Amino acid sequence: MVETIVPVVHGIRSWIVSLIAFAAGALLTAAAVGLALGVALPTGGSPALLAAGLVAVAYAVGELGLVRLPTPQLRRQVPERWRERYSQPVTGFLYGAGLGLGFVTYLPVATLIVVCAGVALVAGPLGGAAVLSGFGIGRAAVLAASTWGVRSYECATGRVETMAGWAADGRLRRANGLALALLGAVLLLAASGATAKAATRLDLGPDPVADPSLGDGDVLAYDEVAGGVVEGKLLAGGTTADLPGTHPDVDGGRVVVDSGPGFKLVDVGTGAVIRTIPRAGTDPALSGDWLVYRRVASSRRELVAFNLVTSETRVIAHSLLRTDLGPADVSGPRVVFTRTSDRRSRLMLYRFDTRVSRVLREATRAVYAHAEVDARLVVYTRQLSDRQQLLRLNLRDGTGAVLRTQRPGSGRALWTVSVNNWRFAFTLYTATEAWIYEL
Amino acid sequence: MLRDGEGLARRLASGHTRKGFLGRLGATMVGLAGGGVAASTLEPEVAEAYHFCGHIYTTGSCPSPLGLPRIDRDGFPLRPKDGRRIDNLGRRVDAEGWAVDESGHRLLGPTGEPVPKAPRTRICQDWIPESYGFKTRIDGGWYRCCGGTIRKLVDCCARHDKRINGDAALTGYCYSGRKVFCVMYYQTTVKC
């Protein structure tokens with residue numbers, strides 16, 4: 001194959017074009033494999049990390065020659081007849097596409113298996129495609145290194161043989177085994193760390209508390225239920241103050257509350273009301289210039305975004321009254337919310353810049369609720385028939401994790417959540433009590 | 001292959017269109033003579049333990065929120081013990097789909113808002129296609145006496161050679177090449 005893509009006879013330009021075609025083919029199929037593996041299994045938290053770590057350790061032991069483990073591969077070579085039938089760039093693309101698949105040719109080491117297992121267990125589709133793209137790029141890099149500046153076919157094959165010599169006497173497999181062992185150890189440590197991280201119950205007094213909103217530092221806004229009455233509270237600098245409304249949402253140095261006839265913006269530092277927005281609605285959320293809230297209007301439920309500077313009003317989502325349109329949270333250009341109809345429950349993302357909503361999660365036998373967002377990190381709850389979970393979703397790479405699982409037998413259920421700078425808070429409640437925990 | 005009472009009821013019922021419950025009830029009342037034999041020769045508890053009352057075949061239950069696949073006339077899940085409306089999580093719900101307690105009051109969170117709604121979809125028509133990836137249809141059913149009222153046993157059919165158990169599917173009351181994938185039941189209030 002190396003003899004096909006060399007700067008000999010056809011010249012440098014044709015070699016470069018063929019090399020790019022090879023890289024494109026390898027990148028395409030490797031990314032497709034990663035994408036497929038990423039969607040094969042749901043992205044999991046510490047159990048998935050644990051499983052990926054065990055696979056890495058097992059194959060590390062295999063590479064060190066201590067046990068024999070299966071290595072799925074077809075041990076085929078690229079078809080030689082292609083280079084007679086097609087032009088050099090087309091042949092390069094096809095060879096790249098074939099080798100980018102990985103398992104349809106000879107695999108001298110088990111690294112690809114471990115990476116694929118890790119992608120399937122830990123990564124989402126985008127993350128999987130990105131990781132396996134590295135494999136495709138690696139294939140192309142080896143081809144470039146072995147053919148760069150060669151003046152004859154023999155020189156190219158000589159380089160390949162030199163590279164193969166590096167792997168002689170099991171050196172490559174031993175080095176690979178040590179690398180996989182290191183990877184496995186890191187994954188196992190991450191898994192054990194994730195499971196060991198316990199939630200801390202915040203001491204916020206004897207009355208039931210809920211609806212946390214984390215701010216920077218020690219700032220926390222929440223609702224307290226005293227004598228059946230819900231009151232907003234603001235904890236900052238070790239001092240708790242009353243808020244002029246409920247369902248608070250902190251945004252930097254401000255907090256917004258639902259005061260009944262409208263919404264009030266309160267300065268976190270002074271506790272003073274800095275603005276009143278006379279709009280009917282509930283469950284306010286604040287980020288920058290945008291205030292987002294829920295309302296019922298014209299026989300339908302709406303999520304409304306109000307620009308505090310321009311007074312622009314947008315209905316960013318609406319539904320039938322029968323549909324449960326959950327409260328929204330906003331961070332920068334992103335708004336997250338949940339929508340549960342008779343047919344399905346969805347976790348949704350809306351962007352102010354594109355004015356487009358998209359579905360992040362969808363289920364018919366689960367309920368998504370209590371969605372919150374901070375930059376590109378989304379947290380939400382998912383309720384199944386046998387458990388309730390607090391989950392996070394990283395919009396940057398599509399990865400997610402289970403932060404907490406609550407079983408019905410515990411008598412406690414998850415309620416509202418909050419996220420700020422990778423800190424998480426959530427509400428747990430029973431029939432008579434409610435607490436806020438921080439992760 | 002068919003047990004006596006069940007065979008009679010099936011033969012009688014198979015002569016009708018089975019497109020609607022009321023249209024089928026008349027035929028069922030005749031078939032009950034056979035069904036009654038089957039019911040009386042089987043201990044109800046034994047039948048319930050084997051699968052569910054009235055169903056002594058091996059085809060498994062359709063998946064449902066609380067195990068036993070009790071449905072309403074449209075195929076939506078009901079709570080097996082009392083026929084109350086339940087959502088896809090198995091929670092009792094009111095007519096608008098909000099989760100309620102045993103008194104019918106909406107379940108509330110710690111600050112007084114109702115707990116989030118859950119979807120409520122039909123077991124055969126929605127759950128099976130979603131879970132197994134093929135179209136299904138309720139083609140027909142047969143009738144038994146269970147708990148003092150008539151129970152209609154319903155076949156959820158598909159053009160699929162395997163049933164929910166994983167082995168070969170039976171034709172049952174399915175039409176046009178469809179076979180029984182799983183079974184459900186609808187408990188009427190007609191005394192028997």
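Source: prediction; values computed, not measured. So you know, we letter chains A, B, ... as the sequences are listed, proteins then strands, and number each from 1. Heavy atoms only: backbone and side chains are in, while hydrogens, waters and symmetry mates are out.
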Is the shortest side-chain heavy-atom distance between [X] and [Y] below 4.5 Å?
| X | Y | value |
| --- | --- | --- |
| B/Asn88 | A/Ser385 | no |
| B/Lys117 | A/Asp342 | yes |
| B/Glu113 | A/His247 | yes |

Any sub-3.5 Å donor-acceptor pair from A/Asp324's side-chain atoms to B/Pro116's backbone N or O?
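Judged by distance alone, no pair lies under 3.5 Å.
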Using non-hydrogen atoms and a 4.5 Å limit, figure out which bit of [X] sits close to chain B: side chain, backbone, both or neither.
| X | result |
| --- | --- |
| A/Thr364 | both |
| A/Asp386 | neither |
| A/Ala431 | neither |
| A/Ala363 | backbone |

For atom CG of B/Asp82, decide whether the heavy atoms of other residues, nucleotides or ligands shown that lie under 6.0 angstrom number more than 12.
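Enclosed.
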Is [X] close to chain A through its backbone or its side chain, or both, or neither, when contacts mean heavy atoms under 4.5 Å?
| X | answer |
| --- | --- |
| B/Asp126 | side chain |
| B/Leu66 | neither |
| B/Trp127 | both |

For [X] and [Y], work out which heavy atoms get closest and say how close.
| X | Y | value |
| --- | --- | --- |
| B/Glu96 | A/Arg322 | CA-NH1, 3.3 Å |
| B/Pro110 | A/Ala210 | CG-CB, 3.9 Å |
| A/Tyr429 | B/Val115 | OH-CG1, 3.5 Å |
| B/Pro114 | A/Trp415 | O-CH2, 3.8 Å |

[X] [atom1] to [Y] [atom2] distance, which is reported to the nearest 0.5 Å:
| X | Y | atom1 | atom2 | result |
| --- | --- | --- | --- | --- |
| B/Thr121 | A/Arg365 | OG1 | CZ | 7.0 Å |
| B/Arg91 | A/Gln383 | CZ | CD | 5.0 Å |
| B/Leu89 | A/Arg387 | CG | CZ | 11.5 Å |

Heavy-atom pairs under 4.5 Å with chain B: which of A/Thr323, A/Asp211, A/Thr416, A/Asp223 has the most?
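Looking at each of A/Thr323, A/Asp211, A/Thr416, A/Asp223 in turn, A/Asp211 comes out on top.
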